[in-house]
Amino acid sequence: MSHNYKIEGIYDQRTLKLLKAEGLKDFGFNFSPKSFNFIQEHVFLTELVPLLGVSDNLHLHFTRSNDPMIKKVIDDLKKEGVGRERIYINCDEWSESPESHGIKYYLNYYPEVNLTWCNSKLFSGMIFEFSFFEDLHQRGILNNFITNFYTHFNNLLSNEKKIILRIDWNNNIFPSLFDYFDFDLMSFPINSKIEICYRNVDLKKLSAEMALIEKSRNSADRF
């Protein structure tokens, strides 16, 4: 399995072990209490963090940037020997500058995104929802957006900044999207499409879905 995949919303050991066995290096954990994938910090620290290696990246998702849990989780990870260079945060709502936490961060793209937040050394890249591109494609204006995007963001996304595509398992990717973007990571969620029941991942289905995605990507690369 290629390393350019990330799975979001991991909440148990068995899923994490499978993903590591598949060769993934980027793992997402959701600390938003209203999320179906919410993970309690003590479970995260005692059951999941010990399974991660020194080359694995931890992507921590929070609802609001002023959530005191951000500092607590980061401080507790430090006590566990997890270096800041392996931690990334992403928030649905930013009420202050993202660099205030002193941790690398990703921004969710939307037309009014604050470009000044992309100037920090801690800015690590931009996350795009597949539905956003799909809408532009259906309206016939994707090419215009791409041109404008690279005009405004070309310098901001240099120096190892990444572009992440957040996509669901059943989304129908149009091949031309990969002609426009060379995504550094494709991010898939733990959700009902790969669960047997609530918070119970079907590991065989998860493996099968990842294999199918890898096969599709390899086929597209040959053309």
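Computation of the quantities below employed the complete heavy-atom set of this structure, encompassing side-chain atoms and omitting hydrogens, waters and symmetry-equivalent molecules.
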Return yes if a side-chain donor-acceptor contact under 3.5 Å exists between [X] and [Y], otherwise no.
X	Y	result
H61	N30	no
E96	S65	yes
K25	S55	yes
Y5	E214	yes
D12	T15	yes
D168	N191	yes

For [X] and [Y], indicate whether the former's side chain and the latter's backbone hold a donor-acceptor pair under 3.5 Å.
X	Y	answer
R14	N200	no
S32	K34	no
W169	P189	yes
Q13	E47	yes
D67	I70	no

Does the distance from a Lys or Arg side-chain N to an Asp or Glu carboxylate O, for [X] and [Y], drop under 4.0 Å?
X	Y	value
K79	D75	no
K20	D56	yes
E8	K6	yes

Between the OG atom in S187 and the CG atom in D26, the distance rounded to the nearest 0.5 Å is 9.0 Å
Interatomic distance, OH@Y106 vs CZ@R166, rounded to 0.5 Å, equals 11.5 Å
- Item | Check against side-chain contact (heavy atoms from CB on, under 4.5 Å), H59 and F27 | CA-CA 6 Å; H59 300 260; F27 307 98; 5.8 Å; no
With Y150 as partner, the option from F181, Y180, F145 fulfilling ring pair (Phe, Tyr, Trp, His ring centres under 6.0 Å) is F181
